[in-house]
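Since we're looking at a predicted model, the values are computed, not measured.
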Amino acid sequence: MALSAATPRKHIHRRNIEFHGYLRDDGLWDIEAELKDVRDYAYRSRDSGEKPEASMVHNMLLRVTADDQMTVIAIETGMPATPFLECSQVQDPMQKLVGARLGSGWRRTIDAAIGGVNGCTHMRELLFNLATAAFQTVPVYRMHQRRDQGLPLPRFSKPPPHFGKCMSWDFNGPVMQRVAPEFYRWSEPKE
């Protein structure tokens, strides 16, 4: 479904965010992210003076290397364009995320390591969503490999973390009934 026709308007700002997942030759995974903010008008920067139309305000790069268990092995940032020189100081605090796991509690881990003035708002935004890109990359590709090799798919004793987190993956919904019937109408066992 497309959006309805818009009221006449003037384009002011563009934000593009991309994520890419890679399987490295050493068996680890690189998940890369890039954020670009572009102003479609000329403006004056407090630190660098006059900027022409279509100038990039932010260009932030992020690479997280992880293993199959989604543990962060390494993290690297790049900042080709920032509004302030101080923005580039985020690399060192980001290293606190090495050893963390991309999974349940990831947002809390990010906030504890680089929340508030300990980090960069835009890098936190990239990191929040990088975990989703990692899940679309690592376990999905490993499942694809198993199918290609004719190996049985793993059986889960409890639902994967994305089940029950959106309307399509509702435990009581038609997708669950069709795709993962073993978890259709599932609820947490009472202890």
* Asked: Going hydrophobic residue to hydrophobic residue with side-chain gaps under 4.5 angstrom, can you get from Phe163 over to Val179?
  -> yes
* **Same apolar cluster (I L V M F W Y, side chains within < 4.5 Å links), Leu151/Met143** => no
* Measure the shortest side-chain to side-chain distance between Leu61 and Pro80 over non-hydrogen atoms and say whether it is less than 4.5 angstrom. => yes
* Residues in ring-ring contact (aromatic ring centres under 6.0 Å, His included) contact with Phe171, at least two apart in sequence or another chain -> Trp186
* For Val38, what are the other residues in its hydrophobic cluster, where any two members join if their side-chain heavy atoms are less than 4.5 angstrom apart? -> Met56
* Backbone N/O of Gly116 and side chain of Arg124: donor-acceptor pair under 3.5 Å -> yes
* To do: Taking Gln91 for its side chain and Thr77 for its backbone only, find out whether a donor-acceptor pair lies under 3.5 Å.
  => yes
* To do: Identify the two heavy atoms, one from Ile73 and one from Val98, that lie closest to each other, and give their separation to 0.1 Å.
  => O-CG1, 3.5 Å
* Asked: So, does Thr137 use its side chain to make a donor-acceptor pair with the main chain of Ala133 at under 3.5 Å?
  -> yes
* Using the side-chain hydrogen bond (donor to acceptor under 3.5 Å, both in side chains) rule, pick out the option among Thr65, Asp67, Asp68 that qualifies with Trp29. => Asp68
* **Donor-acceptor contact present, side-chain Trp106 to main-chain Leu127, <3.5 Å** => yes
* To do: Could you please spell out the steps behind the side chain to side chain contact (heavy atoms under 4.5 Å, CB included) verdict for Cys120 and Glu125?
  => CA-CA 9 Å; Cys120 167; Glu125 287 179 27; over 6 Å; no
* Find out whether Glu32 and Leu62 are in side-chain contact, i.e. whether some heavy atom of one side chain is under 4.5 Å from a heavy atom of the other. => no
* Within a radius of less than 6.0 Å around CZ of Arg24, do more than 12 heavy atoms belonging to other residues, nucleotides or ligands occur? -> yes
* Which pair of heavy atoms, one from Val140 and one from Phe135, lies closest together, and at what distance? -> CG2-O, 3.5 Å
* Passes side chain to side chain contact (heavy atoms under 4.5 Å, CB included), Met123 versus Met79? Steps please. -> CA-CA 10 Å; Met123 283 295 173; Met79 295 189 167; 3.7 Å; yes
* Counting only N and O atoms by type, is there a donor-acceptor contact under 3.5 Å from the side chain of Ser55 to the main-chain atoms of Pro52? -> yes
* If you measure from the Lys or Arg side-chain nitrogens to the Asp or Glu carboxylate oxygens, is any gap between Arg14 and Asp40 under 4.0 Å? -> yes
* **Gap between atom CG of Leu35 and atom CG of Asn16 - 0.5 Å precision** => 8.5 Å
* Asked: Which value, rounded to the nearest 0.5 Å, describes the distance between Asp37 atom CG and His13 atom NE2?
  -> 3.5 Å
* **From CG (Leu126) to OG1 (Thr121), nearest 0.5 Å** => 11.0 Å
* Asked: Are any of the side-chain heavy atoms of Arg15 and Lys36 separated by less than 4.5 Å?
  -> no
* Asked: What pair of heavy atoms forms the shortest contact from Arg101 to Gln69, and how long is it?
  -> NE-O, 3.1 Å
* Calculate, to the nearest 0.5 Å, the distance between atoms OH and CD belonging to Tyr141 and Gln136 respectively. => 15.5 Å
* Asked: Phe128, Val64: one ILVMFWY side-chain cluster at the under-4.5 Å cut-off?
  -> yes
* Asp170 versus Met176, closest heavy-atom pair with distance -> O-CB, 3.3 Å
* Ignoring hydrogens and geometry, is there a side-chain-to-backbone donor-acceptor pair from Ser48 to Ser45 under 3.5 Å? -> no
* Asked: For the atom pair CD1 (Ile75) and CZ (Arg63), what is the distance rounded to the nearest 0.5 Å?
  -> 11.5 Å
* For residues Asn118 and Pro93, determine if any side-chain heavy atom of one lies less than 4.5 Å from a side-chain heavy atom of the other. => no
* Exercise: identify the closest heavy-atom pair between Pro83 and Asp47 -> O-CB, 3.8 Å
* Report the C-alpha distance between Arg142 and Gln145 in whole Å, list the side-chain angles of each, state the deciding distance to 0.1 Å, and finish with yes or no for side-chain hydrogen bond (donor to acceptor under 3.5 Å, both in side chains). => CA-CA 5 Å; Arg142 289 299 190 211; Gln145 287 180 312; 2.7 Å; yes
* Pairwise distance NE2(His122) to CD1(Ile17) - rounded to 0.5 angstrom -> 8.5 Å
* Structure fact -> Of all heavy-atom pairs linking Leu130 and Ala33, the shortest is CD1-CB, 4.3 Å
* When His162 is tested against each of Phe183, Trp169, Phe156 for ring pair (Phe, Tyr, Trp, His ring centres under 6.0 Å), which residue passes? -> Trp169
* **Side-chain donor or acceptor of Arg39 paired with backbone N/O of Val57 under 3.5 Å** => no
* Stepwise side chain to side chain contact (heavy atoms under 4.5 Å, CB included) check, Leu153 with Arg147 -> CA-CA 7 Å; Leu153 297 179; Arg147 279 191 199 102; 3.8 Å; yes
* Asked: Tell me, do Val175 and Met167 make a side-chain contact under 4.5 Å, heavy atoms counted?
  -> no
* Asked: Would Leu23 and Ile31 show up in the same hydrophobic cluster when neighbours are defined by side-chain heavy atoms closer than 4.5 Å?
  -> yes
